[in-house]
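Please read these numbers as outputs of a predicted model, since none were measured by experiment. Just so you know, ligand 1 is whichever comes first in the structure, and atom 1 is the first atom listed for that ligand.
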Amino acid sequence: MPATPVPPRPDHQWRLTFLGTGPAWRTPELGCPCQVCSTMRARGERRTRAALWFDGPMQILMDCGPDVADQLEAAGVGRPEAILLSHEHGDHYLGLDDLEAFRRARPAGGFEPIPCYATARAWEAVEVRFGYLLGKLLEKHTALPGLPLSGLGERMTITPFKTGHGPSAPGSVGYVLEGSVSGNRRKLVYTSDFKDLPEEPPQLNRPDVLVAQTHWFNEPEINRPSHMSLQRLLSYVARWQPTRAVCLVHISDSDLCPGEPEGAYLKKSPPRNPLRDPKTGRPFPVPRCQAEWQAAAESVFAAHGLDMPVIVPRDGQTIEI
Ligand SMILES: [Zn+2]
Ligand SMILES: [Zn+2]
């Protein structure tokens, strides 16, 4: 895949590139005949493992799943100045080894390891797999929820916050990125995969942009993998009041679509009490593709009195803030 030339970022803006916007096994999932996967396949759509490129006072890679080499190549970006890992599930860190390409393209001794941040619990898992990268490709830093990350200099303040993502990822965090653009404060909140938050620090209030996991459209009867649904996210959006945009990522194929028999798919659970159109009282149709997700998200926000823009980015989509 050839690199797309990226125009320079205007000084007065931050730029977010949604490298990947999909779930742990991508969508369409391999061989899956469900309505979401077949609709996406028919439309040529694809969501790879969730990751974000932040271009502002620093260039930062947020999460690093197994699609990262293709994602960075497609985005036409180079070595990040820092890597933020949200948690210790494979779809968020298994691409770290591919970043060796940056070291291999330098002369011997000419590469500075990239600062890489994760919580101590997340490092336990990451280090088992990629301990050999430490000190060579990656400079290990421990992220402590509530404390600004150290070692990043003065250009930005980045603060991790604890997220609840179930017992298989006790090291899960999101990050608040704060800095100044042409003298104006800017704030981005990036959630990891999460079901809830053990506490909500005031820093989460009124970000310019909230990038949030939206694994399902409707909250399922059984929230087995501890993920966020659009339905459950609404109360967080209402409390935090992002001012410029809410961006929905990590979108999966796990909503049970009408006509799909219950129990036919391990990954699908029927909704507990589906989102309903206030005009008709009927459940909103479950979105299956990009256009349906964007339209559904806008309708749901409007129905709940949320008047900020909501964006369902495609892989590779860029927004400026
Ligand atoms: Zn994930
Ligand atoms: Zn996860």
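Under the side-chain hydrogen bond (donor to acceptor under 3.5 Å, both in side chains) criterion, Thr318 pairs with Thr17, sequence neighbours left out. With sequence neighbours excluded, the residues that form a salt bridge (charged side-chain N to carboxylate O under 4.0 Å, His left out) with Asp253 are Lys267. Here Trp240 pairs with Tyr236 under the ring-ring contact (aromatic ring centres under 6.0 Å, His included) rule; sequence neighbours left out.
Within a 6.0 Å sphere centred on CZ of Arg104, heavy atoms belonging to other residues, nucleotides or ligands number 12 at most.
Checking each of His87, His89, Glu88 against Ser168 for a side chain to side chain donor-acceptor pair (under 3.5 Å) leaves exactly one that passes, namely His89.
Inside a sphere of radius 2.8 Å centred on the Zn ion (ligand 1), the protein N/O/S atoms present are Asp91 OD2, His92 NE2, Asp193 OD2, His250 NE2.
Here the closest non-hydrogen pair linking Thr39 and Cys289 is CG2-CB, 4.0 Å.
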